[in-house]
> 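Please see the structure below; I have some questions.
Note: hydrogens, waters and symmetry copies are ignored here, and every other heavy atom, side chains too, is used. These figures come from a predicted structure and were not determined experimentally. Note that ligands are numbered from 1 as they come in the structure, with each ligand's atoms numbered from 1 the same way.
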Amino acid sequence: MTTESRGDGNPAIENLMAEKRVFPPDPAFSRQANAQASLYDEAERDYVEFWARQARERLTWTKPFETALEWDLPFAKWFVGGELNVAYNCLDRHVEAGLGDKVAYHWIGEPGDTRTLTYADLLREVGKAANALRELGVEKGDRVAIYMPMIPELPIAMLACARIGAPHTVVFGGFSAEALAGRINDCGAKVLITADGGFRRGKEVGLKHHADEALAATPSIKAAIVVNRTGHDIHMVPGRDHWWHDIVERQSPDCAPVPVDSEHMLYLLYTSGTTAKPKGILHTTAGYLLGTSYSHEMIFDLKPDDVYWCAADIGWVTGHSYIVYGPLANAATGVMYEGAPDTPTWERWWEIVEQYRVTILYMAPTAIRAFMKQGTHHPAAHDLTTLRVLGSVGEPINPEAWLWYHEHVGGGRAPIVDTWWQTETGQILLTPLPGVTVTKPGSATFPFPGIGADVVDANGDTVPFGGGGYLVLTRPWPAMLRGIYGDPERYRETYWKRFPGKYFAGDGAKRDEEGYFWLLGRVDDVMNVAGHRISTTEVESALVDHKSVAEAAVVGTKDDVTGQSIFAFVILKADQTPSDALAVQLREHVAYVIGPIARPKQLMFVPDLPKTRSGKIMRRLLRDIAEGRALGDTTTLADAGVVDIIREHSGRAEE
Ligand code: WTA
């Protein structure tokens, strides 16, 4: 960790800390709340027993566990000796309890088509999909890759995998062929489930042609299942590709759930780290299901009649934990929407809230800021009075956005839960409890009951209240990652080495005088663009992959809507001439290699990059240049001012 990459000294932080307003819970809400303040004390007395009790009471086991926790730092095993099935816990037991007709998902396609799936429907579809996977030779332990739009077949595919004990890896539909192939090859997936395409911003977005390109380089894949979503003309490879409506539809819906060990791998989800190679974050069965379902019920105050809408994409962890596993284990009724918030107009989300009488809404600050920019008239034109809990996730929420959300979406009544967590943590770890916690706009408040979190300085010592440092987790928790797929050393190195005995989250945080946690963003070389984690190194290697590029450096700069946006500095090879057209080409190249979410918003050609004597790129200086602090306005081509600044620092400064 270099000092230059620390999150402090940022004016936004000063702003945050100046935010003094507090929002105590409404007593009427508190009286009916699922969570009570006593949970904190109860969990603190014996956190392992606290989770063990929840696990006994909430999950349905085919074989009870013997030991709640085996902690061989940094390797945790929860609920050791137990056996259960995730799909059984998410579906069968609810149907057996008489909830077969309860809606699991109200699904809304972007073009306006809709589908309603009850728990009985889901159970039937999952059974058929599981039998189709079996027919294709998938057995317990085999990996299945999933690359799909936000359609009901996506959660059905995930649950079908879980039903037969086959770990899945969902690859976000916005990722490129290359990114998909890399993930498939890392985990050696046997089958790919995909679709011809999906709808986004009024357009058909193709998936199958990316999948075809990926599958040219993935020897482990034996077969693909393809959902017909858009009707787009695609090529089906005979012997390899099967239409979902053929191979799944003709199966029997009966497929006995396979009991698996508590620590059986449920899924891998790849996420960006500080190197160019994404990490396969490994989640297992019992602890994950407990952590997600219990936190979901407490943090969103879920009641049987709620209509819960998490507006994330299932391709990210938020969708895995809080659209699929947590809510379904709780027999929740959810809304699932395929498309973009502005299609056909910025009214879309508020229409959905009004029409489906959504009571709980969970979304990202970047979306809130995008709505804010459009003005208050869109939410004001709809009846949003059903909303009773609002959630935020993915990045620090600035107080202005928090207050706008509170007032214009929550009508000044609905408590806001600002939830901090990560792909690695599996479940929400820092959050208010609605009805219990006095909230402050911009603060994720406190660790969830049973969770140990601290803010430490560079030596690993606790920073007293009022100060900032690094966010660490001090105890294991049920939904924590069990490792990085195939690379235990990288797991140790990435998360447990910086502060021995503690999990280092990669985020900076401060605690105020009352002990409230305020997240300050990443302290490593990971950017957060519209709530998506993108590594600077990954984008840099995509740029250098282009034939005209000699060297590249990428920084995240402040962006009003997406939190950060990507700014690339590029040194061209000697025989290349900078031009606007080449800049466009390079930005597109990154979109091609990684996916459109990683396309740099701005790109500047430079003759040199400022580096320390030890050869480290001085990102702070580049950020200053990118944000115009050093220069005023920025253009594609480095002007004399930038050239001077870069020359002045190159190879000279220590930092
Ligand atoms: C950031 C998303 C501040 C943080 C669930 C973390 C947040 C990264 C918050 C994980 C929040 C997430 N306040 N920052 N409420 N929630 N983050 O793995 O930097 O996609 O490390 O998981 O998002 O992103 P990931």
> How about F448 and W421: are their ring centres within less than 6.0 Å of each other?
no

> Just to confirm my output: which protein heavy-atom neighbour is closest to atom 3 (C) of ligand 1, and how far is it?
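Here the closest protein heavy atom is P396 N, 3.0 Å.
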
> I need the atoms of ligand 1 closer than 4.0 Å to a non-hydrogen atom of T318, numbered in the order shown.
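Going through ligand 1 atom by atom, the ones under 4.0 Å from T318 are 5 (C).
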
> Verify whether one side chain among D186 and Y270 offers a donor that lies under 3.5 Å from an acceptor in the other.
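Yes, because at least one side-chain N or O of D186 sits under 3.5 Å from a partner of the opposite role on Y270.
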
> If I apply the N/O under 3.5 Å rule, does S392 come out as touching ligand 1?
no

> Less than 4.0 Å between a side-chain N and a carboxylate O, is that true for D26 and R413?
no

> Check the side chains of E538 and S272 for a donor-acceptor pair under 3.5 angstrom, ignoring hydrogens and angles.
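The criterion, which ignores hydrogens and geometry beyond distance, is satisfied for E538 and S272.
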
> Does ligand 1 have an atom under 4.0 Å from some heavy atom of W316?
no

> State the atoms of ligand 1, each with its element, that fall below the 4.0 Å cut-off from a heavy-atom position in N528.
1 (C), 23 (O)

> Answer yes if the ring centres of W477 and Y503 are under 6.0 angstrom apart, and no otherwise.
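Ring-ring flag for W477/Y503: true, centres closer than 6.0 Å.
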
> When you compare the side chain of R482 with that of M265, does any pair of heavy atoms fall below 4.5 Å?
no

> Give yes or no for whether the N/O distance cutoff of 3.5 Å, strictly under, is met between D507 and ligand 1.
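The answer is yes, given that D507 and ligand 1 share an N or O pair closer than 3.5 Å.
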
> I'd like to check whether R533 has a polar contact with ligand 1, where a contact means an N/O of the residue lying under 3.5 Å from an N/O of the ligand.
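There is such a contact, yes.
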
> Could an N or O of ligand 1 be found under 3.5 Å from any N or O of T419, whether backbone or side chain?
yes

> Find all atoms of ligand 1 within a distance of less than 4.0 Å from any non-hydrogen atom belonging to V393, and give their numbers and elements.
5 (C)

> Can you list the atoms of ligand 1 that are under 4.0 Å from a heavy atom of V317?
5 (C), 22 (O)

> Which one of G508, G394, G521 has a non-hydrogen atom at the shortest distance from atom 17 (N) of ligand 1?
G394

> Which atoms from ligand 1 have a heavy atom of E395 less than 4.0 Å away?
3 (C), 7 (C), 9 (C), 11 (C), 12 (C), 13 (N), 14 (N), 15 (N), 16 (N), 17 (N)

> Please confirm whether I397 comes within less than 3.5 Å of ligand 1 when only nitrogen or oxygen atoms on both sides are compared.
no

> Whether the Y308 and Y322 side chains hold a donor-acceptor pair (N or O, under 3.5 Å, no angle test) is what I'd like checked.
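No.
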
> Are E627 and T557 close enough that a side-chain donor and a side-chain acceptor fall under 3.5 Å?
no

> Aromatic contact between Y491 and F75, with the criterion being ring centroids under 6.0 Å apart: yes or no?
yes

